[in-house]
Amino acid sequence: MNSATEPLLRSVCALGDDSLLLAQRLGAWCSYGPTLEEDIALTNTGLDFLGRARLLYQHAHDCNPKEQGEDYFAYVRDSKEFSNHLIYEMPNGDFAYTMVRQYLIDLFESWYYAELQNSNYPPLAAIAAKSLKEITYHLKRSVYWIHVLTNSTKEAKTRFNHAWSSLFPLSAQLFSDREYEVTLIQQNLLPSRQKLSTTYYREVKQFITHCGCNAPQRLRSASFTLQHHEDFESLISEMRYITNTMPNCKW
């Protein structure tokens with residue numbers, strides 16, 4: 001990997017890390033969904049994120065073949081190398097918490113990946129174009145469930161208010177351009193996250209108010225700071241259980 005491609009591949013891996021960790025969280029809903037149909041839908045959404053992570057890691061491997069393929073990024077490299085945004089790895093909580101986490105991510109991705117498909121870097125543009133079809137469906141679904149449940153019972157609205165107040169502040173991290181991304185943004189290889197923030201916050205607050213919930217105050221982060229939830233190592237350990245117990249296992 002030369003010095004010119006390293007920042008771009010760091011960005012590709014970071015997007016893959018986001019997708020992989022959310023896929024793992026959503027997969028944990030399997031057999032715990034509120035209905036059979038929703039149980040299947042949640043795990044299928046997780047598979048969409050897993051598929052996107054695979055595309056991104058495959059590309060990272062193609063550009064840096066000294067690594068051991070896409071599995072290396074998910075199951076071998078040191079957990080300290082994961083550079084995902086915190087909201088993607090947050091524990092599932094209850095169904096309201098999962099839906100709010102999903103909505104905040106889906107809305108951000110619907111704009112970020114729409115910009116990314118116009119990237120001057122064709123491999124990323126192609127992955128973005130493919131992912132947008134799934135992202136559009138994910139957003140439609142999370143909006144639907146939040147609408148339905150916030151119009152159901154007082155208990156449901158209480159749970160959603162808790163989820164908004166816990167998760168909305170974390171979304172600020174999504175809009176911090178990392179230091180190594182600045183040149184890539186100037187070359188139109190990556191979109192600027194900061195430019196999307198104003199529209200995003202306006203739409204989220206309107207949506208929260210429309211649902212009859214309490215909109216938390218907007219919080220800004222000055223720069224991206226890598227941080228993980230206290231449950232992060234447990235999440236990674238669970239994800240790597242088979243690889244760690246049977247290192248040479250072949251499917």
Side-chain angles (χ1 to χ4, degrees), residues 15 18-19 21-22 25-26 28-29 33-34 38 41-42 45-46 48-49 84-116 131-132 134-178 191-232:
L15 290 171
D18 282 342
S19 295
L21 294 181
L22 184 58
R25 286 299 193 202
L26 290 171
W29 270 103
E38 186 54 26
L42 280 168
T45 300
D48 289 341
F49 279 90
N84 59 286
H85 293 87
L86 179 59
I87 193 170
Y88 283 82
E89 68 172 68
M90 290 301 288
N92 287 333
D94 57 21
F95 189 71
Y97 194 92
T98 291
M99 284 298 106
V100 168
R101 182 187 64 192
Q102 196 65 39
Y103 167 77
L104 292 170
I105 290 172
D106 292 340
L107 185 63
F108 164 75
E109 290 192 341
S110 70
W111 290 331
Y112 186 80
Y113 277 78
E115 294 286 331
L116 189 60
S131 301
L132 265 177
E134 298 167 347
I135 292 168
T136 301
Y137 174 74
H138 297 161
L139 178 59
K140 183 177 180 181
R141 191 174 143 275
S142 55
V143 166
Y144 167 80
W145 273 113
I146 293 173
H147 263 304
V148 167
L149 293 175
T150 52
N151 284 286
S152 59
T153 65
K154 185 178 179 181
E155 171 68 17
K157 193 159 291 183
T158 298
R159 287 174 181 263
F160 273 97
N161 275 326
H162 171 72
W164 289 122
S165 63
S166 299
L167 290 167
F168 186 58
L170 299 185
S171 65
Q173 193 190 42
L174 296 171
F175 299 97
S176 295
D177 295 321
R178 304 182 211 202
S192 170
R193 294 172 177 272
Q194 290 182 353
K195 288 184 178 179
L196 301 174
S197 63
T198 302
T199 308
Y200 177 88
Y201 284 112
R202 183 171 60 244
E203 182 154 333
V204 170
K205 285 190 173 183
Q206 288 176 347
F207 180 60
I208 294 174
T209 303
H210 178 71
C211 292
C213 294
N214 303 320
Q217 293 297 312
R218 174 182 176 178
L219 296 179
R220 285 180 177 273
S221 56
S223 60
F224 177 84
T225 302
L226 184 60
Q227 54 183 316
H228 293 296
H229 186 268
E230 60 185 12
D231 191 42
F232 175 72

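Applying the salt bridge (Lys or Arg N to Asp or Glu O under 4.0 Å) definition to pairs two or more places apart or across chains, those involving residues 149-158 are Glu155-Arg159. Applying the salt bridge (Lys or Arg N to Asp or Glu O under 4.0 Å) test to residues at least two apart or on different chains, the pairs with a partner in residues 139-152 are Glu38-Arg141.
The two residues Leu167 and Arg101 have their closest heavy-atom pair at CD1-N, 3.5 Å. Taking both residues in full, the closest heavy atoms of Ala163 and Ala96 are given as CB-O, 4.1 Å, listed atom of the first, atom of the second, then distance. Minimum heavy-atom separation, Leu149 to Ala156: O-CB, 3.2 Å. Closest approach of Asp177 to Pro191, counting heavy atoms only: OD1-O, 4.4 Å. Residues Asn161 and Asn214 approach most closely at OD1-N, 2.8 Å, considering heavy atoms. Asp18 and His85 make their closest contact through OD1-N, 2.7 Å (heavy atoms, listed as atom of the first residue, atom of the second, distance).
Residues satisfying the side-chain hydrogen bond (donor to acceptor under 3.5 Å, both in side chains) criterion with Thr150, sequence neighbours excluded, are absent altogether. His210 is linked by a ring pair (Phe, Tyr, Trp, His ring centres under 6.0 Å) to His147, counting only residues two or more places apart in sequence or in another chain. Legend: residues meeting ring pair (Phe, Tyr, Trp, His ring centres under 6.0 Å) with Trp111, ordered by chain and number and at least two apart, are absent. Listed by chain and number, the residues in a side-chain hydrogen bond (donor to acceptor under 3.5 Å, both in side chains) with Ser142 are Asp106 (sequence neighbours excluded). For Ser110, the side chain to side chain contact (heavy atoms under 4.5 Å, CB included) partners two or more places apart in sequence, or in a different chain, are Leu107, Ile135, Leu139. Residues that satisfy the side-chain hydrogen bond (donor to acceptor under 3.5 Å, both in side chains) test with His228, not counting sequence neighbours, are Glu89. By the side-chain hydrogen bond (donor to acceptor under 3.5 Å, both in side chains) test, Tyr112 pairs with no residue at all, sequence neighbours left out. In this view, Phe49 and His138 satisfy the ring pair (Phe, Tyr, Trp, His ring centres under 6.0 Å) rule, not counting sequence neighbours. Evaluation of the ring pair (Phe, Tyr, Trp, His ring centres under 6.0 Å) rule for Tyr88 yields no partner, not counting sequence neighbours. For Ser166, the side chain to side chain contact (heavy atoms under 4.5 Å, CB included) partners are Tyr97, His162, not counting sequence neighbours.
Looking at Arg193, its side chain does come within 3.5 Å of a backbone N or O of Leu174 through a donor-acceptor pair. Looking at Ser171, its side chain does come within 3.5 Å of a backbone N or O of Phe168 through a donor-acceptor pair. Side-chain N or O atoms of Asp48 include none that pairs as donor or acceptor with a backbone N or O of Glu134 at under 3.5 Å. Not a single donor-acceptor pair under 3.5 Å links the side chain of Glu115 to the backbone N or O of Ser192. Under the 3.5 Å distance criterion, the side-chain polar atoms of Asp231 are left unmatched by any main-chain donor or acceptor of Met90.
Between Trp29 and Thr45 the shortest side-chain heavy-atom distance does not fall below 4.5 Å. Proximity of Leu22 to Ile87: side-chain heavy atoms (C-beta onward) are nowhere separated by under 4.5 Å. Contact annotation: the side chain of Gln194 never approaches that of Ser176 to less than 4.5 Å [non-hydrogen atoms, C-beta and beyond]. Residues Met99 and Leu42 form a side-chain contact, since some pair of their non-hydrogen atoms from C-beta on lies under 4.5 Å apart. Using a 4.5 Å heavy-atom cutoff, the side chains of Phe108 and Tyr113 are not in contact. Two residues are said to be in side-chain contact when any heavy atoms from C-beta on lie closer than 4.5 Å; Trp164 and Phe207 meet this criterion.
Distance OG/Ser19 to CD/Glu109: 6.0 Å, rounded to 0.5 Å. Rounded to the nearest 0.5 Å, atoms OG1 (Thr98) and CG (Asn92) are 4.0 Å apart.
Aromatic ring centres of Trp145 and Tyr103: separated by at least 6.0 Å.
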